[in-house]
Structures are given as C-alpha cells and as structure tokens.
Amino acid sequence: MSRHLKRDLVILVCVALVVAWANGDLKDLLGIPGWQSYAVRIINMCAINAVLALSLNLVNGFTGQFSLGHAGFMALGAYTTALLTMDMAAKDRVFFMTPLVEPLRNLTLPFLPALVLAGIVAGLFSLLVGVPALRLRGDYLGIATLGFAEIIRLIIQNVRKVTNGALGLKGIPPVVNLWWTLGSAFVCYLMLRNFLASSYGRAFKSIRENETAAQAMGIDLFKHKLLSFFISSFWAGVGGGLLASLLTTIDPVQFKFPLTFQVLLTVVLGGMGSLSGSIIAAGIVTYLMEFLRVVEETHYWGSITIPGIPGLRMVIFSLALVVVVVWYPKGLMGDRELTVAGIKGVLGRVRQRLRIKGGRPA
Amino acid sequence: MQLSMFFQHLANAISLGSLYSLVAIGYTMVYGILRLINFAHGDLLMLAAYIVYYGRGMFHLPWVPSILLAILLTAAIGIIVERSAYRPLRDSPRTTILISAIGVSFLVENLGLVLFGGRPQPFPLPVFFDSGSAQEIGGVRIENVTFAIPVVTLVLLYVLLHIVHRTKTGMAMRAVAKDFDTARLMGIDVNRIVATTFAIGSALAAVGGIMWGMKFPQINPLMGMMPGMKCFIAAVFGGIGNIQGAVIGGFILGVAEIMIVAFLPSISGYRDAFAFVILIGTLLLRPTGLIGEKVAEKV
Amino acid sequence: MILDIRGMKMQFGGLVAVNDFNLSLEHGELVGLIGPNGAGKTTVFNVITGVYAPTEGAITLEGRDITGMRPDLVTRLGIARTFQNIRLFSRMSVMENILVSLHWRLKSGVFDALTQNGKYRAEEASMQSRAMDLLARVNLDGVADSPAGSLPYGSQRRLEICRALATEPKLLLLDEPAAGMNPAESIELMKFIGRIREEFGLTILLIEHQMRVVMGISERIVVLDHGVIISRGTPREVSRDPRVIEAYLGVEKHA
Ligand SMILES: Nc1ncnc2c1ncn2[C@@H]1O[C@H](COP(=O)(O)OP(=O)(O)OP(=O)(O)O)[C@@H](O)[C@H]1O
Ligand SMILES: [Mg+2]
C-alpha cells in the first residue's frame, strides 16, 4: 500500500512538472519557455473531450442507459460559466440588443465556483429531464434525451434576456490553461473510478447487465439511473464550461446534435464501459480532428492551389464509427481497463512470443 | 384573422402534413420490422433532391427520367445501407444498431457536404410548379405544389396499402413485423423482405425529398436532418409500426406546426421544439402512439 | 403463515394467464408449483414479486399487503427469486453478482462512496467478507473472480440461487432451477435446495415442469393448468389425481 502510494506520488510530481513546463510556468522561474500554443491547445481539447467522453460513458457504457442529450447539458454548463465569469463591461458589449437581466449583469465570480456551478446547473436540469425520460428504455430513451437537448438549446436560443439568443456570447475570459483542463479530467476520472468501484458502481453495472434481475435484487432502478444521469450531466456541464472559456465565444448552434455525436463516437471507439478507453479515444479523436484539419483547408504552393474539402473530416469520422460498430463493437478496450498489471501482462506475452520465435531453428 | 387567411394556412398545413406522412411511413415500416430507428432515413430525402438537381442541371435529363432515376437510386442506397450497416448487427443490442444508424446518417450528410458543397442550391422547378403558378379558389390562392403534394401522397398511400395488404410480399412483411423469428422458421426469406421494406421506404423518402425541393426550392446537404427527426416523431406519435398511424401522425404534426406559427407568433421560435414536446409527451403518456398495440415485455 | 395469495387473477389483454389463484405458505414450508407449459406458473411468480400488478386479488406477506408493490421493495421485505431463463449479471464477476444483492442495505451515502472514506471502506470490507462467506456455502468461492457468464450451466444456476439468498429473504421463489439438467444433476440440485432451506431457515416455493423432480422434496404440491389450480395436496395425493394425470397426458399427446 505505502509502496504504491510512494510510486503514485512520484508519478504525480513528474506529471505536475511536465504540465508546469508545458504551461509556461517555468519561464519566469528557470527561463524555460512553455510549449507551443498549438500543442497546448490540442492538449486542452484532449482533456476536455476526455471529461465529456468519461461522463457520457458513465450513463451509456456503465449504466446501460442510452442517452443522446450530452450537448444540451454542455450548453447549460458553457452558458453558466460564461455568464458568471464575464465582467459587466464585457456583458454590456455583447448584450446590445436585449440587456441582460439584472442580478446576472453585475454578478462576476472566480472561475472555480463558476465551473462548479456550471456542473450543478447542468446536473439540476438533468434531474428535470431524467425524471420523465428515464422511465423509457433503449432507443426511445436515446431519442427522448436528444429531444430534450434540442429543447434546451432552443430555449437558450430564445431567452435573449439571459443568453443573448442566436447572437451568442463573445469575450468570455480565457481563464483555462493546462492546469484547469487536465486537472478537471483528472478529478473526473478519479471520481468516476472510485464511484464505479464502489457498491453504487456495481448497482449501475447490474442495471446495464439485466434490469429485471437488478430490480429483483432490491436495486431501486429509477434512483440509480437518475444518480448516474446526474453525475454524467454534472461533468458534461463542467466540460461545457471549460470549452466556453477555451473558445471564448459560444452560440446555440455549436450545441446541436453533432456535438453529442462526436462525444458518442469517442465513447464507442474507446469502448462502452471503459474509463481508460474513453481517455485514450479522446486523445486519438482530438488529435485526428486537428491533424485532418489540413484536408479541409485550401493550400497554396506557389502557383498551385489545392482546394480543401470541407466536411471530409466528418466523413472519415462517421465512417470510422460505422466500421467500429460493425466490425469491432467493443472498441479499443471493450469494458476492460488499462492497468499497470495489464500492460505488464501484454508485454510479457509479447516477449514470450518473441523468445519462442527466436528459439526456433532457422 | 380573415377566413381566407385561415384557409391559406390550412392549405399549407395539409401540404406539409402530407410531406411528413410520406417520410414517416418509411420510418414506421423499418421500425415495425427491425425495431430500428433508421436515423439515415431523413438524409435519403436530401440525396433524392440532389439526384434530381444534378439530373436536370448537369445531365439535362427530362423530368420523368430524372425523378425515376432519383427514386431508383435512393431505393438502391437504402438497400445498401441496410445490407452493410444494419444487417451485420441484427443480433446485437438494439442500441448498437442505432449507433450504426446515427453513424450512417452523419456519413451521408457529410458526404453530401463534400460532394455537393455546403452552399444551398436552387431546386429546379417544372413549369407547372413554378412559383407563379397557382389556383384561386374562393379568394384563397393555393400554389400548384401545395395542392399536388397531398394528391401524390394519397395515391402512393393507396398503392402502398394495396401492396401491404393484398400481395404475397406484403403478407410476408406483416408476418416478419409480427414475429421475426417465427417468420424465419416458417420459411420466409427474411433478408429479402427486409430489403424490400428498405427499398419501399427509401423510395417514398425520395418522393418526399423531391416534393420537399419543389415546395421549399432551396436544397442543402443538411436539409434532411430536421424533417427526418420530425417524421420519426410523427411515426411514434401515430403509433410506430403502423402505416395509417404514421400518416395520421405526420398529418397532425404538420398541421399543428403551421397553425402554431400562424396563430401564436410569439412562440414561433420554438417551432422545432414543438415536435420534440409531442415526442416526449407521447412516449410518456401513450408510448404505443395514437393507434398502436400494446406490447408487454415478458419476464 | 408467511405468504397469502387470495383470489388472484392475471389477465394480459384478452388472455387470462392465471385465474382465481389461492395459496398460503406456512413458515419453513417447501411447496412445489407444477404444471405443463404455459400453465401460468411464472406469471404467479411475477405477480408475487410485483413485476405485474394482478388484475384482481390480493397478496400479503406476513400480514402486510404487497399487491402490485415495486419489485425492489418486495425484495427488501423478504421475497427473493430466481429466473427461469438465467438472468445473471454475466459480465460482472461471481463476487460482484453477490455484492449487488447486498447493495440495498448499504448505509454509506453517495458522497462516502465517491471519496472512498473510512466509513465506506469499512462497509465495503464487511460486504466483501459476507459475500465470500455466502459463496463458500454454495461452493463457488473458488471462482469468485471469474465473470459470471463464463461459469458452467449448473454453477450459474447455483450462483443465481446464491445471489437471491444474499438479499436475505424469508421466502425464496425458484423458477425451474433444474431446467436443462440431467436426472442426476437434478437430484443433486434438489439436495442442495433442501440444504440451504435448513441452513437459512427459508420458506420455498419451487416451480417445476416435471413432477418427478419435486416429489421427493416438497411437502405439498399445487398443480396449475391453463391458469387454474386443478389439484393440490401431498405429492402422493397429487400424483394419483386423475385430473393431473390427464393434464400431463394431454400435454404429452400434443407434444
Ligand atoms: N407479459 C405477458 N404478456 C402477454 N402474455 C403473457 C405475458 N406473460 C405471460 N403470458 C402468457 O401467459 C401464459 C402463462 O405463461 P407463463 O410464463 O406463466 O407459463 P409457465 O407456466 O411459466 O410456462 P413454462 O412452463 O413454459 O415456463 C402464457 O400463455 C404466456 O404466453
Ligand atoms: Mg415459466
């Protein structure tokens, strides 16, 4: 136990040092410059996408309740964070058509409480949605949550006094850095891991495995589905808040169904029911999204113009989703987790295979 | 509000309702047989509209061949989608197939963006449906398209009901919808029936898409998204798996939508939310829809 | 008297699955419920456990009305069941399957579990040892960490019974536990059921398809056919009842 603790501490300190380096915190102190802003931005996106995928996986992968409403809860979190962190001057600049309602206009909070409130607002709305919707199952639940997300989005688009309607919000303070994004991902992961390893987590999984049997063993289905949905939406709200601060502009169109699609894709790719799978897939999807950006942009090489093809990235990703679902329905990790022992085991097997090969007479 | 104004709205409402009905039939037929929400169904509507657009604009085909081509190609695409993205998953959990369907839908939409470009294109109109051509009936001006859509829908509905209730294939379809496994045991070629169902549903979506283009003559690769969603909702509202239900559901949804926008302009910003409210209300209060049968789950 | 079912009728649409069903169970009894395919046996279980609310009639558990109560609440009051078609949590380990049944007694809250604080860890440890203890008593402790779905059929049946026991029931409902077993395995299983009944002080209602299997173990047998009780009494009495013989012969003729 204590040896593990020591090991974990060492790893944590090393990671913290690297983050500090990347974030540019060592510049004043040691004169070491931070990483390129492009790299930092990708890591930020990876971390945010990891939060989103982990939280969707909790409901879809671990509790077996097919939700397609993530974008709605992200929107709530994004708007909450934006409205609570922008100062009055910034708000007045944006709300020139319809003024912002009073208590919100001159209310400005530090980032942390704003982010937590973003999660709580999303979580509370998830209860409103979940109480009726979680009585449904399977595809009907999916389509109903999708509908609720769209309703949330349309409300945001129409309540101009609070959200500035279709014009969206600009000038959101760019507070987030690697500490915030990676920190959130880390806390989210720890929280879900602990929870899933607990008796509550087992109750969630039993509902996924067989609802009738779980209920017959005394599990209150509704309470646990709602709990799972709440925690998931809380983190969707936090993810939305981080995103708002990273992008500094948000509008209702961003939070349409394609946003949920991207998170769903990540979860399926990583494996429904695997936390580490979601994190790995978030990294892959985010990186590819950036990497493949080139194919959509127009390039000029001297006199040669290579036109970009907008939409090609999503063609690739949606094709990838279908291919994964049809041929590798378990995704990268299935419902297993990446563990130190697991990696050692795989390495050992590889080594053994190599040895056998090497031992064979040529 | 003037009476003539009301009839104007009513005509539009009936027209939109018929369009929804036509597309909703495809959803309901597929759901009835595979218990699958064919997310990509709405996007077929877009494909058909573009096929006509290119048939007319690029290949200068006459109207009838380009429409027939659109219907045939869309039906073929429907079959291909089923074959490649749904059939391999037939024994998987239903949500897995749903994810596949969502993937196909995004694939088709984005392929549309890549191939056709994101800019909306003007849909070609036959002279008869040109925006100027309209009929005056008792002071109410009804465009020819608005009038034609319900007529086409009714004719197709009649043909479809004939197929489903009077032909051998239709009988087999109903058998498969009632009990997939038993139908298979009874020697029905289930795969052929499923393919036929997709072909018919997709062909109807194609007609829907072409008429959509004529009524709202601006087409773009994402044009099928919202109508697709709404028509599925119409099918659920009417009672999923039931053709008459889909027609009634589509009709009511279309009429209600137009009327709300016309008479309650203050909430017209929520026009697209209205369908979802109906969906959620139906699922919670009467999951079998207006005219669906109750199916209890056995333990 | 532990369970009392009065005038129960269960109708699905036009189909009356069970009609005018009366049965009371005394503490510690083992009663067999038999009948041909589709007689309505499983439906009786589903009504007792609250999966369906009966069309008519009332069910009381130790004097308390439980008619139409939600299944998880019925379980908490002391009725546990197994399923005719095994319904284990197959991707979870054998151990976890048992732990799920202990969840409803958990005192730690959500926050304790999230933080894995001392209170939670203590409770988790006692749950683990209780589960291990139960597994040992049904000889499944050796496979505690295997996925439940990977067990051989017979062990899955035993695990399902063990999982039901873990909810600490007073009354255990077993739905064709010997289905799919050969005669030797069936006899073994019946012995096992007799043993746990003694050890846990249970009342048991046992559904069986074939009379032979329950003859030796039941004090009383109730025979259901087409939703109505056609005979009841000791195994000897029932097996000589011409109506029972006819019901079963009728089935065999059709089969
Ligand atoms: N949820 C339901 N909806 C409609 N009919 C049902 C339902 N559950 C059971 N039935 C019907 O009730 C009748 C009794 O079924 P039940 O499962 O109780 O029989 P059983 O005695 O357990 O038969 P078996 O020996 O095959 O398990 C059957 O005709 C069955 O089809
Ligand atoms: Mg039964």
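Hydrogens, waters and symmetry mates play no part in the numbers below; they use all other heavy atoms, side chains included. In the text below, chain A, chain B and the rest are named by the order of the sequence lines, each starting its count at 1.
For the options C/N97, C/T49, C/L102, C/V110, heavy-atom pairs under 4.5 Å to chain A are most numerous at C/V110. The greatest number of non-hydrogen atom pairs below 4.5 Å with chain C, out of A/A216, A/A197, A/S206, is found for A/S206. For the set C/H103, C/E124, C/M92, the entry with the most heavy-atom pairs within less than 4.5 Å of chain A is C/H103.
Contacts between C/S90 and chain A at a heavy-atom distance below 4.5 Å involve backbone atoms as well as side-chain atoms. The contact between C/L106 and chain A is made entirely by side chain atoms (from C-beta outward), counting heavy-atom distances below 4.5 Å. Within the 4.5 angstrom heavy-atom criterion, only side-chain atoms of A/L227, from C-beta onward, approach chain C. Residue C/Q128 touches chain A through its side chain alone, counting heavy-atom pairs closer than 4.5 Å. Both the backbone and the side chain of C/R91 have a heavy atom closer than 4.5 Å to some heavy atom of chain A. Neither the backbone nor the side chain of C/T82 comes within less than 4.5 Å of any heavy atom in chain A. A/D335 touches chain C through its side chain: at least one heavy atom from C-beta onward sits under 4.5 Å away, while N, CA, C and O do not. At a 4.5 Å heavy-atom cutoff, the contact between C/A113 and chain A is made by backbone and side-chain atoms alike. If you measure heavy-atom distances from A/R193 to chain C, you find no contacts under 4.5 Å at all. When heavy atoms are compared at a cutoff of 4.5 Å, C/R105 does not approach chain A at all.
Ion pair C/D112/C/K107 not flagged as a salt bridge, since none of the NZ, NE, NH1 or NH2 atoms sits closer than 4.0 Å to an Asp/Glu carboxylate oxygen. Looking at C/E185 and C/R157, no side-chain N of the basic residue comes within less than 4.0 Å of a carboxylate O on the acidic one, giving no salt bridge. With respect to C/E160 and C/R87, no salt bridge is recorded, no charged nitrogen being found less than 4.0 Å from a carboxylate O.
A distance-only check finds no donor-acceptor pair linking the side chain of A/Y200 to the backbone of C/L114 [under 3.5 Å]. A donor-acceptor distance shorter than 3.5 angstrom exists from the side chain of C/Q156 to the backbone of C/G149, with no hydrogens or angles considered. Judged by distance alone, with hydrogens and angles left aside, the side-chain atoms of A/N57 form a donor-acceptor pair with the main-chain N or O of A/G271 at under 3.5 Å.
For the pair C/R137 and C/F200, the cation sits on the ring face: its NZ or CZ lies under 6.0 Å from the ring centre, inside 45° of the axis.
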> Does the side-chain contact (heavy atoms from CB on, under 4.5 Å) test come out yes or no for C/F89 and C/E96, once each step is laid out?
Replying inline: CA-CA 9 Å; C/F89 309 126; C/E96 284 179 311; over 6 Å; no

